[in-house]
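What follows is a set of notes on a single structure, which appears directly below.
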Amino acid sequence: MLLPVRNGGALLGPAVESILAQTLQDLELIVIDDHSADGAVQALPRTDPRLRIAANPGRGLVAALNAAAALARAPLLARMDADDIALEQRLQRQLEHLERYPALGIVGAEVEIFRDDGPLGEGYRRYQRWINGLREPAAIARAIFIESPIPHPTALIRREVFARLGGYRDRGWAEDYDLWLRAHADRIAMGKPAGVLLRWRDSDGRCSRVDARYRTERFLRAKAHFLARTLLGDHPVLLWGAGETGAQLCDALDGEGARVVGFIDVDPRKIGGRKRGRPVLDPQAGLRREEFIVVAVGARGARSLIRPHLCDSGREEGEDFVFAA
């Protein structure tokens, strides 16, 4: 179990305890102190020999994670954050799932997102339903370019898979999403057992809210980077969605050398115009079969309308089109 921490405060102790209290007792918990200054790591009880504490020889999350992985001795590498709570059967259920489906290389878990200062907003509730609904490898593969489908602190990874992928990298975008995208590109199957196994804390100081690597434009850069190297190939690309997300994704794909030839939109005010110097087309227009369609519309309910339209036209998801918002 890899648990990096910098100034974990009062939340570190309960996070550590939730791992040491797992029903699966055969584990090691490696806490990597990333230059903390609050004394929380030093305050951890040292009575359990399964707890190992080390200092990050580098600096930052990626360096801490790779340092922890290098110290780990187990054939499976699991992740945990310093402010979350693992349910007691988390590791046991994940191991059972991995044994039941040996083709899986990475196993995540369903989560309960919570805040200490009140209820979640509707956006996070929708996100929780979406991410918890992605359990089968095929569903995760279809959704990989929409958002990160595996909550990072739930991940359980086979060591040989981690080594094959080259560990964590810092490419300027989220390190976990980068790892899942590389796994997808390498045809490594990912899945989740049914049922919540982690209480995932949201706060105003959470990395996804304050770290520049989690900004929308960074996620779009990651998507463009891997789309250009996997699905798109030499295909001309049409972007469905001539709004701001589509425009930003167009810029990112241009930077990766993809051939974006136009946009699709349902807004009559946009149809017939131009976006980023490309034509904006009506979805009912005669689209050429060789054009790969990247859907950059994230509005609620949009996927349920666009998917049947494209499938009815004879296109196959993952082969001829993909959702990326």
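Bear in mind the structure is a predicted one, so any value in this text is a computation, not a measurement.
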Q: For Ile140 and Pro149, work out which heavy atoms get closest and say how close.
A: CG2-CG, 3.7 Å
(Q) Looking at Cys250, is its backbone amide N or carbonyl O close enough to the side chain of Arg278 to form a donor-acceptor pair, meaning the two atoms are under 3.5 Å apart? (A) no
(Q) For Leu76, run the side chain to side chain contact (heavy atoms under 4.5 Å, CB included) check against Leu91, Leu27, Leu98, Val107 and tell me which one passes. (A) Leu98
Q: Would you indicate whether the side-chain heavy atoms of Pro193 and Glu96 approach each other to under 4.5 Å?
A: no
Q. Hey, which of Leu44, Asp83, Asp81 is the one that makes side chain to side chain contact (heavy atoms under 4.5 Å, CB included) with Leu12?
A. Leu44
(Q) What verdict does the side-chain contact (heavy atoms from CB on, under 4.5 Å) test give for Leu61 and Arg213, after you've listed the backbone C-alpha separation in whole Å, the side-chain angles of each residue and the deciding distance to 0.1 Å? (A) CA-CA 11 Å; Leu61 180 57; Arg213 294 174 304 149; 4.1 Å; yes
Q. Quick one: does Asp186's side chain have a donor or acceptor within less than 3.5 Å of a partner on Ile188's backbone?
A. no
Q | Shortest non-hydrogen separation from Arg199 to Asp84 and the atoms involved | A | O-CB, 3.4 Å
Q. Rounded to the nearest 0.5 Å, how far apart are CD1 of Ile32 and CZ of Arg6?
A. 13.0 Å
Q: Look up atom CZ in Phe162 and atom CG in Leu77, then write down how far apart they are to the nearest 0.5 Å.
A: 6.0 Å
Q | Heavy-atom closest pair, residues Ala155 and Arg90 | A | O-NH2, 3.5 Å
Q: To the nearest 0.5 Å, tell me how far Leu197 CG sits from Ile85 CD1.
A: 14.0 Å
Q) Would you say Arg303's side chain and Ala325's backbone share a donor-acceptor pair under 3.5 angstrom? A) yes
Q. Would you say Ile131 and Ile113 are hydrophobically clustered, going by side-chain heavy atoms of ILVMFWY under 4.5 Å?
A. yes
Q. Hey, quick one: are Val16 and Leu11 part of the same hydrophobic cluster, counting side-chain heavy atoms closer than 4.5 Å, chains of contacts allowed?
A. no
Q. Is there a donor-acceptor pair under 3.5 Å between the side chain of Arg125 and the backbone N or O of Leu120?
A. yes
Q. Tell me, which pairs form a side-chain hydrogen bond (donor to acceptor under 3.5 Å, both in side chains) where one or both residues lie in residues 53-64, sequence neighbours left out?
A. Asp34-Asn56, His35-Arg59
**Q.** Ion pair Asp178/Arg169, N-O distance below 4.0 Å
**A.** yes
Q) Do side-chain atoms of Gln128 reach the backbone of Gly123 as a donor and acceptor pair under 3.5 angstrom? A) no
(Q) Between Tyr214 (side chain only) and Phe219 (backbone N and O only), is there a donor and an acceptor less than 3.5 Å apart? (A) no
**Q.** Atom CZ of Arg187: over 12 foreign heavy atoms under 6.0 Å
**A.** no
Q) Is it true that Arg259 and Asp234 make a salt bridge, defined as a side-chain N closer than 4.0 Å to a carboxylate O? A) no
Q | Test side-chain contact (heavy atoms from CB on, under 4.5 Å) applied to Glu110 and Arg135, step by step | A | CA-CA 8 Å; Glu110 293 186 42; Arg135 295 195 300 270; 3.3 Å; yes
Q) Do the rings of Trp173 and Phe226 sit parallel, tilted or perpendicular, given the 30° and 60° boundaries? A) perpendicular
Q. Where is the tightest heavy-atom contact between Gly314 and Asp320, given as atom of each residue plus distance?
A. O-OD2, 4.3 Å
(Q) Using the side chain to side chain contact (heavy atoms under 4.5 Å, CB included) definition, which of the options Val294, Ile144, Ile306, Val297 pairs with Phe323? (A) Ile306
Q. Between Phe292 and His235, what is the ring plane arrangement, given parallel below 30°, perpendicular above 60°, and tilted in between?
A. tilted
Q: Is it possible for you to say whether Leu220 and Tyr127 belong to one hydrophobic cluster, with membership spreading through side-chain heavy-atom contacts below 4.5 Å?
A: yes
Q) What are the two closest non-hydrogen atoms of Pro4 and Ala82, and how far apart are they? A) O-CB, 4.0 Å
Q | Side chains of Glu256 and Lys223 in contact at under 4.5 Å (non-hydrogen atoms) | A | no
Q: Start with the C-alpha gap between Phe114 and Arg201, add the side-chain angles, then the distance that decides, and say whether side-chain contact (heavy atoms from CB on, under 4.5 Å) holds.
A: CA-CA 5 Å; Phe114 72 102; Arg201 179 179 271 106; 3.6 Å; yes
Q. If you count the non-hydrogen atoms of other residues, nucleotides and ligands that lie under 6.0 Å from CG in Asp117, is the total more than 12?
A. yes
**Q.** Side-chain (Glu175) to main-chain (Asp170) donor-acceptor, under 3.5 angstrom
**A.** no
Q.
Main chain of Arg288, side chain of Glu291: is a donor-acceptor contact present, judged purely on distance under 3.5 Å?
A. yes
Q. Is a side-chain N or O of Asp33 found less than 3.5 angstrom from the main chain of Ser36, in a donor-acceptor match?
A. yes
Q: Would you indicate whether the side-chain heavy atoms of Arg50 and Gln25 approach each other to under 4.5 Å?
A: yes
Q: Please lay out, stage by stage, how Arg221 and His225 fare under the test side chain to side chain donor-acceptor pair (under 3.5 Å).
A: CA-CA 6 Å; Arg221 280 174 48 196; His225 178 82; over 6 Å; no
Q. In Å, rounded to the nearest 0.5 Å, how long is the span from CZ of Arg79 to CG of Leu65?
A. 5.0 Å
Q. Going by heavy atoms in the side chains, are Leu232 and Leu253 under 4.5 Å from each other?
A. yes
Q.
Looking at every heavy atom in both Ser148 and Asp176, which two are closest together, and how far apart are they?
A. OG-OD2, 3.9 Å
Q: State plainly whether one hydrophobic cluster holds both Phe145 and Trp130, where clusters connect Ile, Leu, Val, Met, Phe, Trp and Tyr through side-chain heavy atoms under 4.5 angstrom apart.
A: yes
Q. Glu122 and Arg129: salt bridge (charged side-chain N to carboxylate O under 4.0 Å, His left out), yes or no, with the steps?
A. CA-CA 11 Å; Glu122 177 57 26; Arg129 290 192 295 270; 3.2 Å; yes
Q. With the 4.5 Å side-chain cut-off for hydrophobic clustering, are Leu305 and Ile293 part of the same group?
A. no
Q) Roughly how far, to the nearest 0.5 Å, is the CD1 atom of Ile271 from the CZ atom of Phe263? A) 14.0 Å
(Q) Tell me whether the count of non-hydrogen atoms from other residues, nucleotides or ligands lying under 6.0 Å of CD in Glu136 goes above 12. (A) no
Q) Between Arg93 and His97, is any side-chain donor less than 3.5 angstrom from a side-chain acceptor? A) no
(Q) Measuring only between side-chain heavy atoms, which start at C-beta, is Leu198 closer than 4.5 Å to Pro153? (A) yes
**Q.** 4.5 Å side-chain heavy-atom contact, Lys275 and Lys270
**A.** no
Q. Between Leu165 and Leu179, is a side-chain contact (heavy atoms from CB on, under 4.5 Å) present by the stated rule, with each step listed?
A. CA-CA 8 Å; Leu165 294 173; Leu179 191 62; 3.8 Å; yes
**Q.** Euclidean distance, Glu88 CD relative to Thr23 OG1, rounded to 0.5 Å
**A.** 6.0 Å
Q) Ignoring hydrogens and geometry, is there a side-chain-to-backbone donor-acceptor pair from Ser18 to Ala86 under 3.5 Å? A) yes
